[in-house]
Amino acid sequence: MPHLFDTLIRCVTLIDGSGAAARLADVALRDGRIARIDAPGAIDPDAAAHVVEGEGLVLAPGFIDVHTHDDTNVVRQPEMTPKLSQGVTTVVVGNCGISAAPVTLAGAPPDPMNLLGHADDFRYPDFKAYVDAVAAAQPAVNVAALVGHTALRSNHMDRFDRAATPQEIEAMRAQLEEALQHGALGLSTGLAYANAFSAPTDEVLALAEPLAKAGALYATHLRSEFAEILEAMDEAFRIGRHARVPVVISHLKCAGVANWGRSTEVLDALDGAQRWQPVGCDCYPYTASSSTLDLKQVTGDFDIMVTWSEGAPEMGGRLLADIAAEWQVDLHEAARRLMPAGAVYHCMEDADVDRILSHPATVVGSDGLPNDPLPHPRLWGAFPRVLGHYARDRELFPLTVAVNKMTGMSAERFGLSQRGFVREGYWADLVLFDAATIRDAASFTDPMQPAEGIASVWVNGELSWQQRQSTGVRAGRFLPRGAD
Ligand code: ZN
Ligand code: CU
């Protein structure tokens, strides 16, 4: 007789993603979805083809990494081990103004699009081509995508140090509209980066206009995370109000020593805006940031580690200050000689990260950089670090709240329907983990380490990760906005 269920996960401590209290339950899966949730021991094990004993373990919705730069990696490295190993079952790509699609490059990818890969990794002149490529690659995790403003600028502008003309904005809008038709979640900007900084607010206002009709959102790496952060937040809120769409502030932080302690003020501004419009933010659980090496962020106030360099490849893994001393030049001159390069900036304070991560409008996003040879440990460790270090060890918030910040709230904010919660009828993206031992093993010196304490991960009902290794099954899909 055929089985009623494909998989039964028995007697788990269920944290359903809503923030509600944990409860004991049996959860049965069929055809990629959660078919039944019942009292522990209530579902007959003989009714399922596979039975997993979950006693003592937490079953939660698969984690949603809302802030990634995995655009080309989901195609080139579809195993997606850095994410799957943490219990991540969905990634949102296209953040910080940079996306793999729609892109037509004239030469090398401009900064910071070079974080996504080399010129030949950009193969998607329109968004539909990217959707098809993800489907063909069958990555191990689901993929949803934003369209990057800097990517659109690069398609239509001969130089970045000026505002786009009305004709150029029109051309960018047409590409954005094509992407929205094929399920893009929204528009992202990276206004702090040199190649977008010359875009005035009006350029973004005009570009953002088609978002509302599509039910899409606006995500932004603010124009400043330093002294002018409040002004930068105001700009983001204004764009959201004009376009009538929700605003997501990416990796909200107080960067730079002079800015430490301002998180209270910054979060008050967020709360204030929430009275008028939907706003939220994401955050990664570390006091160091990482991106390309940027002269504007070079300082002697804190350690800056060079992770890669085209100017002096042998300097990868060394502190900028040590390199400058060895070369007998100042920090800025050393940085100039290293560029293009990547860096980790130890630019934040613990108390600010604690406050921002704890805020009720904050969801977790890794901002991991998968193409960095010495990646910031957030790439492999962000989600277990929130569950282990921040929720369990430091008791910053309960485990149920931590899970909500990486599942249910994330799905609702980004419009990923029937994901992010353990509910009957929802897709069976699930992670089974040990709340007592879950831990990020990735460190700044040894960053490519899978997390500990993840027992099993299911993507669309398929067992994809177990006992610290991939099962070889890759069951991820492209998730168009609003799809059931
Ligand atoms: Zn960013
Ligand atoms: Cu980013």
Side chains of Y284 and R378: do they bring a donor and an acceptor to under 3.5 Å?
yes

Given 3.5 Å as the limit, does a donor-acceptor pair link the side chain of Q86 with the main chain of A382, or not?
yes

Any carboxylate oxygen within less than 4.0 angstrom of a Lys/Arg side-chain nitrogen, looking at R159 and D161?
yes

Side chains of V431 and S456: does their closest heavy-atom pair fall under 4.5 Å?
no

Would you sort out whether F122 and T104 count as a side chain to side chain contact (heavy atoms under 4.5 Å, CB included), showing the intermediate values?
CA-CA 7 Å; F122 290 84; T104 308; over 6 Å; no

Pairing of R355 and E349 as salt bridge, 4.0 angstrom limit:
no

Any sub-3.5 Å donor-acceptor pair from S290's side-chain atoms to A343's backbone N or O?
yes

What's the spacing between R337 CZ and M315 CE if we round to 0.5 Å?
10.0 Å

Enclosure of K296 NZ (heavy-atom neighbours >12, cutoff 6.0 Å):
yes

Could you check whether atom CE of M339 has more than 12 heavy atoms from other residues, nucleotides or ligands sitting under 6.0 Å from it?
yes

OG1 (T292) and CG (L115) are apart, to the nearest 0.5 Å, by 5.5 Å

For a 4.5 angstrom cut-off between non-hydrogen side-chain atoms, does Y426 reach V422?
no

Considering non-hydrogen atoms only, spot the tightest contact between S99 and A101 and give its length.
OG-O, 2.9 Å

In this structure, NE2 of H251 is separated from SG of C96 (nearest 0.5 Å) by 3.5 Å

Across all chains, not counting sequence neighbours, the side-chain contact (heavy atoms from CB on, under 4.5 Å) partners of V298 are L293, L320, L331, H332, A335

Going by atom types only, do Q175 and N155 share a side-chain donor-acceptor pair under 3.5 Å?
yes

Counting only N and O atoms by type, is there a donor-acceptor contact under 3.5 Å from the side chain of D440 to the main-chain atoms of A451?
no

Is there a side-chain contact between R468 and P450 (heavy atoms, below 4.5 Å)?
yes

Answer yes or no: is there a side-chain heavy-atom contact under 4.5 Å between V247 and L217?
no

Interatomic distance, S291 atom OG to H376 atom NE2 [nearest 0.5 angstrom]:
11.0 Å

Under the 3.5 angstrom rule, does the side chain of S464 hit a backbone N or O of E462 as a donor-acceptor pair?
yes

Looking only at heavy atoms, what is the nearest atom pair of P210 and L180, with distance?
O-CD1, 3.8 Å

When you compare the side chain of S250 with that of D282, does any pair of heavy atoms fall below 4.5 Å?
yes

Report yes or no: does R392 contribute a side-chain atom to a donor-acceptor pair with the main-chain N or O of L387 at less than 3.5 Å?
no

When the side chains of residues 137-149 are checked against the rest of the protein, which donor-acceptor pairs come out under 3.5 Å, sequence neighbours left out?
residue: N142; atom: OD1; partner: N460; partner atom: ND2; Å: 2.9
residue: N142; atom: OD1; partner: R477; partner atom: N; Å: 2.9
residue: N142; atom: ND2; partner: T89; partner atom: O; Å: 3.2
residue: N142; atom: ND2; partner: T90; partner atom: OG1; Å: 3.3
residue: N142; atom: ND2; partner: D429; partner atom: OD2; Å: 3.0
residue: H149; atom: NE2; partner: E203; partner atom: OE2; Å: 2.9

Determine whether the side chains of D484 and S417 contain a donor N or O and an acceptor N or O closer than 3.5 Å.
yes

Using atom types as modelled and distance alone, determine if a side-chain donor or acceptor of T150 lies under 3.5 Å from a backbone N or O of A196.
no

Non-neighbouring partners of C347 that pass side-chain contact (heavy atoms from CB on, under 4.5 Å), sequence neighbours left out
A255, S289, F302, Y345

For a side chain to side chain donor-acceptor pair (under 3.5 Å) check, start with the C-alpha distance between R33 and Q418, then their side-chain angles and the critical distance, and finish with the verdict.
CA-CA 9 Å; R33 303 214 184 217; Q418 305 201 14; 2.5 Å; yes

Can you tell if the side chain of V473 reaches within under 4.5 Å of the side chain of W465, non-hydrogen atoms only?
no

For the backbone of C254 and the side chain of D352, can you confirm whether one donor and one acceptor N or O come within less than 3.5 Å of each other?
no

Give a yes or no answer on whether the side chain of R481 reaches the backbone of A214 with a donor-acceptor pair at less than 3.5 Å.
yes

Out of curiosity, M157 CE to E168 CD, how far, rounded to the nearest 0.5 Å?
5.0 Å

Closer than 3.5 angstrom, by distance alone: can the side chain of R439 be matched with the main-chain N or O of P384 as a donor-acceptor pair?
no

Does a side-chain N-to-carboxylate-O contact under 4.0 Å join E178 and K128?
no

Between Y130 and H182, is the ring centroid distance below 6.0 Å?
no

Closer than 3.5 angstrom, by distance alone: can the side chain of T362 be matched with the main-chain N or O of S358 as a donor-acceptor pair?
no

Sorted by first residue and then second, give each salt bridge (Lys or Arg N to Asp or Glu O under 4.0 Å) pair with at least one member in residues 67-95; sequence neighbours left out.
D65-K83, D70-K83, R76-D121

Closest non-hydrogen atoms of P377 and Y286, given as atom of the first, atom of the second and distance, are O-OH, 3.4 Å

All heavy atoms of R153 vs all of M172, minimum pair found to be N-SD, 3.6 Å

Side chains of V103 and M113 in contact at under 4.5 Å (non-hydrogen atoms)
yes

What's the verdict on side chain to side chain contact (heavy atoms under 4.5 Å, CB included) for V88 and F383, showing C-alpha distance, side-chain angles and the deciding distance?
CA-CA 8 Å; V88 169; F383 291 82; 3.7 Å; yes

Please tell me if the side chains of S366 and L379 come closer than 4.5 Å, counting only heavy atoms from C-beta onward.
no

Let's go through I15 and L59 carefully: what are the C-alpha distance in whole Å and the side-chain angles of both, what is the deciding distance for side chain to side chain contact (heavy atoms under 4.5 Å, CB included) to 0.1 Å, and is it a yes or a no?
CA-CA 6 Å; I15 294 184; L59 185 73; over 6 Å; no

N371 and N73: side-chain donor and acceptor closer than 3.5 Å?
yes

Any chance the side chains of H69 and D367 put a donor and an acceptor closer than 3.5 Å?
yes

If you look at every heavy atom in V58 and A435, which pair is closest and at what distance?
CG2-CB, 4.0 Å

Taking all heavy atoms of A455 and all of L57, pick out the closest pair and write down the distance.
CB-CD1, 4.0 Å

Pair up each side-chain donor or acceptor in residues 183-190 with any protein partner under 3.5 Å, not counting sequence neighbours, and list the distances.
residue: S188; atom: OG; partner: G94; partner atom: O; Å: 2.6
residue: S188; atom: OG; partner: G97; partner atom: N; Å: 2.8
residue: T189; atom: OG1; partner: Y218; partner atom: OH; Å: 2.8
residue: T189; atom: OG1; partner: T220; partner atom: OG1; Å: 2.8

Does the side chain to side chain contact (heavy atoms under 4.5 Å, CB included) test come out yes or no for V363 and M406, once each step is laid out?
CA-CA 6 Å; V363 300; M406 47 185 79; over 6 Å; no

So NE2 of H359 and CG of L357: to nearest 0.5 Å the spacing works out to 12.0 Å

By the side chain to side chain donor-acceptor pair (under 3.5 Å) test, which pairs, at least two apart or in different chains, include something from residues 306-315?
T307-D372

